[in-house]
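Each chain gets a letter, A, B and so on, in the order the sequences are listed, and its residues count up from 1. What you are looking at is a predicted structure, and each value in this text was computed from that prediction instead of being measured.
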Number of protein chains: 2
Amino acid sequence: MSETPSTEVKHGATCAVIDIWEVLGKRWSLLIIKNLSTKETIRFNELKRALSGISSTVLSERLLELEREGLVTKKIYPEVPPRVEYSLTAQAKELEVIIKELARWVGRWKRPQSVAAPAATVAKKEEQSSTTTAS
Amino acid sequence: MSETPSTEVKHGATCAVIDIWEVLGKRWSLLIIKNLSTKETIRFNELKRALSGISSTVLSERLLELEREGLVTKKIYPEVPPRVEYSLTAQAKELEVIIKELARWVGRWKRPQSVAAPAATVAKKEEQSSTTTAS
DNA sequence: CCGTATCCCCTCCGATACTG
DNA sequence: CAGTATCGGAGGGGATACGG
């Protein structure tokens with residue numbers, strides 16, 4: 001997970017996507033973004049409570065990663081007791097739109113059939129097009 | 001990774017997204033989809049070679065997962081030597097569009113600045129809007 | 001050629017404890 | 001309240017070897 005597998009892929013774009021995926025694919029990241037998007041601004045423990053089950057360690061870690069990626073901004077109020085507020089950046093909000101699209105796509109395809117029984121198609125001897133013959 | 005953390009999230013949609021994320025977030029999944037999308041149909045070892053670095057074990061595993069999710073179809077030709085061809089389903093192609101969008105988004109925001117120096121904003125005592133007062 | 005079985009490592013995550 | 005330090009367990013991924 002720490003490094004991109006084969007960076008020299010044909011179309012280039014995917015590399016960057018994978019990069020983002022490495023961050024977003026980690027546990028909680030997505031839920032953090034979601035909570036941030038629905039509440040606009042949120043404090044550390046508030047977020048922690050909303051994600052009940054997460055530990056401070058991991059939450060802090062995820063938040064740091066997201067900040068490094070420019071998806072989350074952190075605002076520190078030098079008070080006592082300390083207050084820190086997290087919020088999404090504009091770019092993260094753009095991302096959220098894409099995620100919503102993804103969600104819509106998921107819903108569109110997962111509701112109808114039960115998506116079981118893969119049962120690979122077995123072609124008959126008379127195949128329609130054998131592009132690659134055996135080596 | 002095996003189970004969804006807190007399924008009872010406010011907006012629901014995310015759960016399904018997380019589900020897909022669990023599959024797509026795994027290593028190689030995205031690259032597999034990419035290769036499949038650029039070649040339309042591909043054989044096992046051909047794919048393996050294209051993803052140089054992946055092991056048969058993992059490739060087979062990913063392929064099975066993607067098949068279970070209805071993103072990939074498998075076509076077995078009962079010949080000798082055996083031939084198996086993988087290809088994307090229509091739904092996966094829809095997904096590809098979204099991924100491309102994501103790629104575009106990544107490019108749009110990652111090229112300009114180096115994305116370093118998080119340096120959280122420190123608010124002055126006189127904050128502009130304290131929505132949440134201390135508990 | 002197309003996979004599965006097995007082992008091992010290494011990272012990630014959660015729990016606990018502690019500081020500013 | 002907002003985190004960091006450290007530890008231990010669990011699981012994913014890679015290498016190797018073997019079967020259909």
Side-chain angles (χ1 to χ4, degrees), chain A residues 1-6 18 21-32 41-67 72 74-86 118 120-123 130 132-135, chain B residues 1-6 18 21-32 41-67 72 74-86 118 120-123 130 132-135:
Chain A
M1 288 288 189
S2 52
E3 63 165 343
T4 312
S6 60
I18 284 178
W21 225 260
E22 303 260 314
V23 174
L24 262 34
K26 290 190 175 181
R27 205 175 181 184
W28 300 109
S29 297
L30 216 59
L31 286 174
I32 290 172
T41 208
I42 194 166
R43 300 176 63 175
F44 189 86
N45 279 324
E46 202 180 346
L47 186 53
K48 187 182 171 184
R49 220 167 297 122
L51 299 171
S52 81
I54 196 173
S55 63
S56 302
T57 318
V58 176
L59 178 53
S60 173
E61 197 176 305
R62 283 306 96 83
L63 247 13
L64 217 59
E65 290 163 4
L66 292 173
E67 194 188 355
V72 164
K74 183 185 199 174
K75 200 167 197 173
I76 302 172
Y77 295 85
E79 307 171 348
V80 43
R83 183 165 93 232
V84 180
E85 290 185 348
Y86 294 90
T121 327
V122 178
S130 61
T132 320
T133 33
S135 63
Chain B
M1 285 292 188
S2 51
E3 65 165 343
T4 314
S6 60
I18 284 177
W21 227 258
E22 303 260 316
V23 175
L24 262 35
K26 291 190 176 183
R27 205 176 181 185
W28 300 108
S29 296
L30 216 59
L31 287 174
I32 290 171
T41 208
I42 194 167
R43 300 176 61 177
F44 189 86
N45 279 323
E46 202 180 345
L47 185 54
K48 187 182 172 188
R49 219 167 298 122
L51 299 171
S52 80
I54 197 174
S55 64
S56 303
T57 317
V58 177
L59 178 54
S60 173
E61 197 176 303
R62 282 308 96 83
L63 247 13
L64 216 60
E65 290 164 5
L66 293 173
E67 194 188 355
V72 164
K74 184 186 197 171
K75 199 167 199 172
I76 303 172
Y77 294 86
E79 306 171 349
V80 43
R83 184 165 90 231
V84 180
E85 290 185 347
Y86 295 91
T121 329
V122 178
S130 61
T132 319
T133 35
S135 61

- Item | Of A/Y86 and B/G53, the one whose closest DNA chain D nucleotide lies more 5' | A/Y86
- Message: Let's see if you can work this out: which of C/dC1, D/dG3, C/dC13 has an atom nearest to the side-chain heavy atoms of A/K74?
- Response: D/dG3
- Query: Could you give the CD1-to-P distance, from B/I54 to C/dC2, as a whole number of Å?
  - Reply: 14 Å
- Query: Do B/R62 and B/E65 meet the salt-bridge criterion of a basic N to acidic O distance under 4.0 Å?
  - Reply: yes
- Query: Are the side chains of B/I54 and B/L47 in touch, meaning some heavy atoms are under 4.5 Å apart?
  - Reply: no
- Compare the minimum distances between each of D/dG14, D/dC1, D/dG20 and the side chain of A/R49, then state the nucleotide with the smallest one. D/dC1
- Message: Rounded to whole Å, please give me the gap between CD in B/E65 and C1' in D/dG11.
- Response: 13 Å
- B/F44 side chain, from C-beta outward: closest of C/dC1, C/dC2, C/dA15: C/dC2
- A/R43 and A/P82: which non-hydrogen atoms are nearest, and at how many Å? NH2-O, 3.7 Å
- Message: Would you call the rings of B/Y86 and B/F44 parallel, tilted or perpendicular, taking 30° and 60° as the class edges?
- Response: tilted
- Message: The side chain of A/T57 is closest to which nucleotide in this list: D/dA5, D/dC1, D/dG20?
- Response: D/dA5
- Query: Please give, in whole Å, the distance from C/dG3 C1' to B/R43 CZ?
  - Reply: 13 Å
- Establish, with yes or no, whether the OP1 or OP2 oxygen of D/dA2 is under 4.0 angstrom from a side-chain nitrogen or oxygen of A/R83. no
- Winner on side-chain proximity to B/K26, out of D/dG20, C/dG14, D/dG13, is D/dG13
- Task: Give the nucleotide from the list D/dG13, C/dG3, D/dC1 with an atom nearest to the side chain of B/S56.
- Result: C/dG3
- Send over the distance from A/E79 CD to C/dG20 C1', rounded to a whole Å. 15 Å
- Taking atom P of D/dG13 as reference, at what distance in whole Å does atom CG of B/L31 sit? 13 Å
- Sugar-phosphate only, base, or nothing, as touched by B/K48 at under 4.0 Å among non-hydrogen atoms: nothing
- Message: Taking B/E46 first and then B/K48, would you say they form a salt bridge - that is, a charged N and a carboxylate O separated by under 4.0 Å?
- Response: no
- Message: Taking the nucleotide of DNA chain C with the nearest heavy atom to each, does A/P82 or A/R62 sit closer to the 5' end?
- Response: A/R62
- Whole angstrom value for the distance that separates P of C/dG20 from OH of A/Y77: 25 Å
- Message: Whole angstroms only, please: what is the CG-C1' distance between B/L59 and C/dG3?
- Response: 10 Å
- Query: With a 4.5 Å limit on heavy-atom distance, are the side chains of A/W28 and A/L59 in contact?
  - Reply: no
- Note on the structure: Quick note, A/S60 side chain, CB onward, closest among D/dG13, D/dG3, C/dA15 is D/dG3
- Query: For the pair made of CZ in A/R27 and C1' in C/dA15, what is the distance, rounded to whole Å?
  - Reply: 14 Å
- Picking from C/dC13, D/dG13, D/dA2, the nucleotide nearest the side-chain atoms of A/E61 would be C/dC13
- Task: Taking only the side-chain heavy atoms of A/W28 (C-beta and beyond), determine which of D/dG14, C/dC1, C/dG14 contains the nearest atom.
- Result: C/dG14
